[in-house]
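Before any comments, here is the structure.
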Amino acid sequence: MTVIDESGLHARPAARFVQAASRFASHIIIRNGEREANAKSLISLLGLAVRLSSVITVAAEGSDADAALASLSAELSPYVTLLEPAS
Amino acid sequence: MSLVLVSHSKTLAEGLRDMVVQVAGEGVRVTAAGGTADGRLGTNAEAIGDAIRAILAEGSDDVLVLLDLGSAWLSVELALEELSDTERARVCVSEAPLVEGAVLAAVQASIGASLADVDAAAAGAASMSKAPGGSLNA
């Protein structure tokens with residue numbers, strides 16, 4: 001899925017995102033331009049430098065990938081505008 | 001995984017504890033051990049030792065100790081000397097900066113990371129930028 005960030009990914013929502021991602025077995029990656037972060041690592045996520053009007057992509061690979069993407073898009077929804085789901 | 005926060009300042013340690021719990025949630029045990037026994041600036045090996053032993057005694061949690069600078073390490077070292085070998089093996093002292101290290105450690109602890117992984121996460125604090133992409137002084 002592709003999202004636009006509205007308020008930057010600060011520590012508290014970032015932490016909740018990490019906690020949500022960790023519930024899934026799938027490998028989950030967030031991309032911001034050329035940078036890539038492991039969704040299960042806070043420092044990895046903070047290093048993504050997500051800010052107002054960033055366009056980020058969340059990708060999941062694994063047995064529960066669909067559930068992971070659904071859960072994480074819900075988790076992000078207060079902070080982002082969803083552009084389009086990747087099929 | 002539990003954290004013990006050591007600072008020369010009681011209020012700093014407690015304030016950091018509040019911040020860490022707010023970011024990482026209530027699921028991680030975070031104990032503040034700042035200031036001297038009578039609440040002045042300084043560190044207190046007995047309080048640090050009590051905090052560590054309380055965590056170890058309660059269950060299977062390992063302990064990451066985070067501290068500020070200067071003589072804090074001496075109090076931590078004294079506290080560790082009082083532990084048995086098996087207790088000592090369950091404790092790691094972080095080299096990370098106190099605030100960012102505590103936040104990173106707590107979040108990884110909240111998702112069930114091991115002592116080694118939590119310590120590694122905290123260690124990453126040293127290279128973190130303040131602003132996204134390191135842009136404050138550009």
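Chain letters run A, B, ... following the sequence lines, proteins first, then strands; residues in each count from 1.
Rounded to the nearest 0.5 Å, atoms CD (B:E100) and CG (A:L42) are 11.0 Å apart. Rounding to the nearest 0.5 Å places OG of A:S41 at 10.0 Å from CG of B:D117.
Within 6.0 Å of CG on A:D66 lie no more than 12 heavy atoms contributed by other residues, nucleotides or ligands. Within a 6.0 Å sphere centred on CD of B:E95, heavy atoms belonging to other residues, nucleotides or ligands number 12 at most. The neighbour count for B:E81 CD, taken as heavy atoms of other residues, nucleotides or ligands under 6.0 Å away, is above 12.
Within the 4.5 angstrom heavy-atom criterion, atoms from both the backbone and the side chain of B:Q22 approach chain A. At a 4.5 Å heavy-atom cutoff, the contact between B:A125 and chain A is made by backbone atoms alone.
Each of B:L64 and B:V91 belongs to its own hydrophobic cluster when Ile, Leu, Val, Met, Phe, Trp and Tyr are linked at side-chain heavy-atom distances under 4.5 angstrom. B:W73 and B:L3 fall into different hydrophobic clusters, where Ile, Leu, Val, Met, Phe, Trp and Tyr are joined by side-chain heavy atoms under 4.5 Å apart, directly or via other members. In this structure, B:V6 is a member of the same hydrophobic cluster as B:L83, with clusters built from ILVMFWY side-chain heavy atoms closer than 4.5 Å.
Across A:Q19 and B:S110, no two heavy atoms sit closer than the pair NE2-OG, 2.7 Å. Residues B:V23 and A:A11 approach most closely at CG1-O, 3.8 Å, considering heavy atoms.
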Exercise for the section: Decide side chain to side chain contact (heavy atoms under 4.5 Å, CB included) for B:V107 and A:I43; before the verdict, give the C-alpha distance in whole Å, the side-chain angles of both, and the deciding distance to 0.1 Å. Expected result: CA-CA 10 Å; B:V107 173; A:I43 192 171; over 6 Å; no

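Although no hydrogens or angles enter the test, the distance criterion places a donor-acceptor pair under 3.5 Å between the side chain of B:Q108 and the main chain of A:K40.
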